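In what follows, a single structure is set out as C-alpha cells and then discussed.
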Amino acid sequence: MERRKFITSGIGAGIATGAAITFGGVDNLLAGNAAQPYDLIAVRGGEPDVMFDKGIEALGGMSQFVKPGQKVVIKPNIGWDRVPERGANTNPILVKRIVEQCLKAGAKEVFVFDHTCHEWTKCYKNSGIEAAVVAAGGKMVPGDSERYYQKVEFAGGSKLKEMKVHELLVTSDVFINVPILKNHSSSKLSISMKNMMGCVWDRGFWHKNDLHQCIADFLHYKKPALNVVDAYYVMKQNGPMGVSLDDVITMKSLILSRDIVAADAAATKFFGKDPAEINHIHGQCRRIG
Amino acid sequence: MNALFLKRLRVVLSVFFLVLLTLLFIDFRKSFSREFYQWAVSLQFVPSLLKTITVSGVVAFGFIAVLLLTLLFGRVYCSVLCPLGILQDFISWVSGKTKKKRRYKYHKAWNIGRYVLLALVLLPLLFGSIAMVTLLDPYSLFGRIATTLIKPFAVFGNNVIAAGFAKADIYNFLYRYDIVPVHPAILVITTLFLGGIGWASFSRGRLYCNTICPVGTFLGLISRFAIFKIVIDKSQCTHCGRCARVCKAECIETKTQKIDYSRCVACFNCMTVCSEQAMNFTPAKTKPFLLPEGLEPKAKGGSKKIGTDSSKRNFLITSAVGIAALYGFKSADSIPEPKKPKVIKPKGESTVPEKKTSPVSPPGSRSVERFNKICTGCSLCVSACPTKVLQPSFLQYGLIGVMQPHMNYRRGLCEFDCTLCSEVCPTGAIVPITMDAKHLLQIGQVHFEKKNCIVETEKTDCGACSEHCPTKAVHMVPYGKLFIPEVDQKICVGCGACEYACPTTPFKAIFVDGNPIHLAAEKPKTIKAKSALKEGEFPF
C-alpha cells in the first residue's frame with residue numbers, strides 16, 4: 001500500500017495536536033513534509049462547522065477544490081425522515097458551512113440533493129438540511145423522480161455497466177461528497193462510497209448484483225473531488241435508519257480527504273472496526289490502492 | 001329576492017367548492033394542512049354522516065348542516081356543495097355553449113327507478129356492505145374522477161413546465177413528480193362513470209342527480225318540505241315555457257305551472273329568464289305531498305288516495321330502510337370478525353410465490369372488515385399519501401371492497417412517522433391515530449422466504465429489507481461469510497418497507513401478510529451504544 005500522510009487535530013482544547021501518520025502505522029513525517037498537502041485530515045472535538053473550517057484550511061482551503069464560476073454539487077446523506085440527533089443524515093451545520101465555503105471560493109451555484117429512502121420533502125425538511133442550504137445561499141434539488149436521472153456508462157465496472165445517475169452529476173463541475181459515518185445493515189458501514197448509492201435511480205439493481213462490488217464500481221464513473229465524513233453523531237447500531245437515540249454516540253469528529261477509499265478506511269477506524277472487515281472498502285484498498 | 005343575485009351567488013359558491021375540492025384531490029405537493037383537508041370536506045353529506053355514525057363520540061356537523069339547508073332552501077347541496085353536481089353543471093354549460101339550439105324540456109320523474117335504486121343502496125348496508133354507496137355516492141365518485149382522471153393531466157402539465165425550469169437550473173419553484181398508475185380496472189370503471197355522467201349532463205342536465213344519485217333522491221324527499229321554494233305566480237305566468245327550457249333538472253311543467261321540488265336543485269336559472277317575473281324564491285304555502293308530479297290527483301275524477309299515499313309511502317319506506325340500514329352497520333361495526341383468508345393470485349413465474357392470506361388495510365382502520373364496511377373509496381387518502389403506498393384496490397378485498405384503498409407494498413412503504421391518511425379520512429373508515437399509537441400498531445406481519453432471497457440465490461450480500469425496517473424486526477444475522485435476514489414478528493409493525501425494498505422479482509423474498517384485525521406490536525428493546533474511542537483520542 002502506498003504511503004499516505006494524515007493529519008489529525010483536536011479542537012477541544014483549542015490546540016492542533018498535529019500528529020501526522022501514514023495509514024497502517026504511525027510515522028513521524030510531519031516536519032519533513034509540512035509543505036505538501038495532506039492526503040487526509042481528521043479533526044476531533046469541535047462543532048461540525050468549526051471542524052470543517054480547520055480541516056479545509058489544512059487541505060489548502062476551498063479554493064483548491066472550487067474555482068470561481070464553477071457549478072458545485074454537494075451530496076450529503078439525507079436518506080431518512082430523521083432529525084440530526086438521530087445520526088441518520090449528515091449534520092446540517094456541516095452542510096451549511098460547506099455551501100458557504102464553496103460560495104466564498106467563487107462557486108457560481110451550489111446544488112444539494114439526495115435520492116432519499118423516505119419521502120423526500122420530509123427528509124429534506126426534518127434533516128434540517130434544506131433550511132441550512134437555503135440559508136447559506138445554496139439550492140436544494142429534488143431526486144425522487146426518475147426524470148431527474150440520466151443514463152451514463154460505467155467504463156471498467158465489473159457489475160455496473162450503465163446506470164441512471166442524477167443529472168447534477170453530469171452537469172456540475174465539482175462534486176463534493178458529504179456522508180455521515182454510521183452502521184449499516186446491508187454494507188455494514190455507510191460512509192463515503194456507500195453514500196454514492198444516493199446518486200443513482202435504481203438502487204435495487206445494486207442490492208441484486210453484489211452490493212459491495214456495485215458500491216466499488218460506482219467509482220469507475222466518478223470520484224468526488226472531496227470527501228467530508230461527518231462523524232459528529234455516529235449511529236453505532238441499527239443502521240442506517242436507527243431505532244432510537246440509544247443507537248447514537250456523540251463523537252464530534254470529521255474526516256476530510258480527496259481520496260474516497262482513504263476517507264472510508266480512516267472513518268472505519270473511528271467507528272472501531274478494521275477496514276478489512278468491510279468488503280467494499282477492503283476491495284478498493286486492494287484494487288485502487 | 002333578486003333572481004340574478006341568487007343565481008350569481010349560486011355560481012360563485014359552486015365554482016369555489018368545485019375548485020377547492022379539485023385542488024384537494026389533485027394536489028401532489030402536500031400544499032394543504034390536515035385541518036384544511038378536514039374543513040374542505042366537512043360539508044360533504046355521505047362522509048359526514050358516516051363519520052358521525054362510525055366514530056364514537058364524534059358528531060360531524062356537515063350532514064346536519066346539509067339537512068337544515070335542504071329544509072330551508074331545497075337541494076342547495078346539489079347545486080352548491082356537491083362537486084359531482086357542479087362538475088355536471090360545468091359540462092352542461094359547455095354543452096350550452098357548443099350547441100346553441102339545445103335546450104331542456106320537461107320530463108316526468110322516474111320515481112320507481114330512483115326509489116328502488118335508493119333502496120338498493122341502503123339495503124346492502126343491513127348486511128354490512130357499503131359497496132353500493134361507494135359506487136354511487138357523488139362525493140366519492142368525484143374524488144375518484146379527480147384522482148384517477150384529472151390528476152394525471154395536472155401532473156403531466158407540471159412535469160413539462162418543471163423540466164423546462166430544470167434545464168435552466170431552477171429547482172426551487174416546481175419539481176417533477178412520478179405518478180403511480182392505478183389498476184387498469186379502476187381506470188376503466190372510473191372512466192365509464194365519468195363518460196356516463198358526462199353524457200347525461202351534456203344532453204340532459206342533472207339526469208344522474210335525479211335518477212341515480214342516492215343523495216339526490218334522499219334530499220329530494222326532504223326538499224319537498226323546504227320552507228323557501230321557487231313558486232310560480234300563476235296570475236303572472238303566461239305559459240311561455242322559457243323557464244322549462246333552461247331547467248337542467250327538467251322539473252318545470254309549464255302546462256300545469258308546476259315545479260317538481262323533489263328534483264329542483266335550486267339553481268335559479270328559471271327565475272333569471274322569466275320575463276314576467278312570475279317566479280319567486282319565497283316561503284311556500286303549497287302542500288308538499290300534493291306536488292310531486294305524476295303522483296298528483298288529477299282534477300275531480302282521479303283517486304286522491306293513490307297520489308298522496310304512494311308518495312308518503314315512498315318516503316316512509318325509504319326512511320325506514322335507511323335508518324335500519326344505518327343501525328345495521330353500526331352494530332356490525334362493533335363486532336369485528338376475522339375475515340376469511342383470501343389468496344392473492346400472483347402473476348408470472350417465480351420460485352416461491354408470496355403466501356399472503358389477507359390484504360393490509362390502512363393504519364387506523366382497526367380491522368379489514370371494519371374498513372370494508374365504512375370506506376366509500378373517495379381516494380382522498382390515496383391522494384394525500386406521501387409515499388403512494390395507499391392505492392385503490394381492485395379485488396384485493398374481494399368484490400365487497402372494489403375501489404377501497406389498500407396498502408400496496410409494491411408501490412411504496414408506509415412511513416413510520418406518518419399518520420396522514422388517518423387524519424384526512426372524511427368517513428371515519430380510518431380513525432385518527434397518534435404517532436405513539438402508530439409506532440406500536442401492527443397492521444400486518446413480516447414473512448421471510450429464504451428460497452427467494454438474494455443472499456441465498458446469488459450468494460452475495462443484500463440487506464435492503466433490514467435497511468428500511470424502522471424497528472429492526474428484520475435484522476441481519478451471519479450466514480457463512482454473508483449476512484441474511486432474520487425476522488421478529490413481535491416487533492413488526494407491518495409497514496411493508498422490507499417488501500418494498502426487496503429487489504427480487506417477480507416474487508419478493510420478504511413480504512407482509514395483513515392482519516385481518518390490527519394488533520399491538522411490542523416495543524423494540526434497545527441498548528445504549530458505546531464509543532470505541534475516548535474523547536479526543538484518534539484511532540491511528
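Remember, it's a predicted structure, so these values are computed and weren't measured experimentally. Protein chains get the first letters and strands the later ones, always in sequence-line order, with residue 1 at the start of each.
Taking the six-membered ring where the residue is Trp, F511(B) and H447(B) present parallel rings, their angle staying beneath 30° rather than reaching 60°.
Under the 6.0 Å cut-off for aromatic ring centres, H166(A) and F113(A) qualify, their centroids lying closer than that.
In this structure, the portion of L413(B) lying under 4.5 Å from any heavy atom of chain A is its side chain and not its backbone. Interface remark: S531(B) contributes backbone and side-chain atoms alike to the contact with chain A (heavy atom separation under 4.5 Å). Only the side chain of N159(B) comes within less than 4.5 Å of a heavy atom of chain A; its backbone N, CA, C and O stay farther away. Within the 4.5 angstrom heavy-atom criterion, atoms from both the backbone and the side chain of Y175(B) approach chain A. Within the 4.5 angstrom heavy-atom criterion, only side-chain atoms of K30(B), from C-beta onward, approach chain A.
The residue among E458(B), H475(B), K388(B), K530(B) with the most heavy atom pairs within less than 4.5 Å of chain A is K530(B). Of the listed residues (V234(A), N209(A), V134(A), T121(A)), the one with the most heavy-atom contacts under 4.5 Å to chain B is T121(A). Here C462(B) is the residue among G463(B), C462(B), A163(B) with the most heavy-atom pairs under 4.5 Å with chain A.
Between the side chains of T504(B) and K208(A), no donor-acceptor pair of N or O atoms lies under 3.5 Å. Under 3.5 Å, the side chains of N183(A) and Q237(A) contain no donor-acceptor pair of N or O atoms.
Distance NZ/K194(A) to NE2/H184(A): 3.5 Å, rounded to 0.5 Å.
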